[in-house]
Amino acid sequence: MRTLGLGKALVDRVEEHTLPVSLTFLTGDEAFIARRVDPLPSGFLDRETMNFRFSNHSWVLRVDGRTVLVDPCTGNGRTGRGPYFDGLDVPYLERLAAAGVSPESVDVVFSTHLHHDHCGWNTCWEEGSWVPTFPNAEYIFAEEEYRRWDPAGPPHANSFNPNVFDECVRPVTEAGLARVVPLPYEISPSLTVEPAPGHTLGHSVLALNSAGVRAYFTGDAFHHPVQLTRPELHLPGCDDLETAVATRRALVQRALNEGAFLFPAHFSAPHYGQLALDGDEVRFVPGGAVRATAG
Ligand SMILES: [Zn+2]
């Protein structure tokens with residue numbers, strides 16, 4: 001994907017890998033699928049298998065003189081992450097370099113939440129231990145999300161995601177690179193982390209407001225465009241489903257009101273888009289013109 005210009009921000013996507021997920025986990029409503037999914041690009045549904053292509057990627061933003069890495073995927077050589085995620089050997093850092101970003105040049109690392117596929121490249125394996133991949137970065141963690149996963153805190157019923165805190169968060173904290181912040185939190189004049197709880201207790205989104213262009217980097221608030229039309233649809237694994245649905249409704253309303261772009265963590269190509277109304281039903285409009293302004 002080419003570099004996108006959003007106001008004065010430049011946005012790149014760095015892919016780790018993709019995997020098939022059955023749309024039937026979300027909905028089996030054939031009339032709804034025919035109306036809202038069939039017109040979308042093919043990655044959102046393979047009619048033969050009823051799978052959609054779940055893209056595992058990060059977003060890189062360059063704005064306000066800072067380079068910000070959003071949701072650094074799962075990482076290579078992990079175990080206990082489940083099928084499709086264990087033992088990856090992917091040239092992720094090379095792809096980051098192809099976007100013009102070296103590990104040393106990342107100023108901020110931000111995870112919308114601390115599931116394994118959103119904080120993996122926080123660290124890499126070096127001489128027998130997990131060490132921070134981005135030595136000059138400030139790693140920003142929403143306080144509630146950090147506490148949610150800290151093994152020193154109270155246990156949570158939703159216990160998948162083993163070892164992620166110890167492998168991907170603790171080494172960063174021990175290196176003095178973690179900044180655990182209450183929300184909302186302003187990263188720079190154009191970028192604010194805002195609470196968007198439900199998928200996990202402390203899930204958040206990154207809001208961009210630059211030269212009149214608005215965008216939300218929404219992590220796992222949405223996994224597939226059907227959830228933009230029907231926010232009650234969900235994949236398994238939420239911490240708090242009722243709150244997740246309310247968060248989706250609120251984000252959809254804001255995106256409609258503001259004409260904002262949405263950049264989810266797992267949408268297939270073109271990976272981002274805007275919303276429109278078809279009667280009173282919300283419709284996903286994939287991609288869209290963004291100004292390619294250097295900034
Ligand atoms: Zn995810």
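For ligands, and for the atoms within them, numbers begin at 1 and follow the listed sequence.
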With the Zn ion (ligand 1) as the reference point, give the N/O/S atom of H266 that is nearest.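 Of the nitrogen, oxygen and sulfur atoms in H266, the Zn ion (ligand 1) lies nearest to NE2.
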What is the name of the N/O/S atom of D117 that is nearest to the Zn ion (ligand 1)?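 For D117, the N/O/S atom sitting closest to the Zn ion (ligand 1) is OD2.
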With a 4.0 Å cut-off on N to O distance, would you call R36 and E281 a salt bridge? yes
Is it true that R148 and E143 make a salt bridge, defined as a side-chain N closer than 4.0 Å to a carboxylate O?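 Here R148 does not pair with E143 in a salt bridge, since their nearest N and O are not under 4.0 Å apart.
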Closest heavy-atom pair and its distance - V252, L228: CG2-O, 3.7 Å
Which angle, to the nearest 10 degrees, do you find at the Zn ion (ligand 1) between OD2 in D220 and NE2 in H118?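 The OD2/NE2 angle about the Zn ion (ligand 1) sits at 90°.
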Just by modelled atom types, is the G198 backbone N or O under 3.5 Å from a matching donor or acceptor in the T247 side chain?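 Absent.
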Between the Zn ion (ligand 1) and H115, is there an N, O or S atom separated by less than 2.8 Å?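 No N, O or S atom of H115 is closer than 2.8 Å to the Zn ion (ligand 1), so no.
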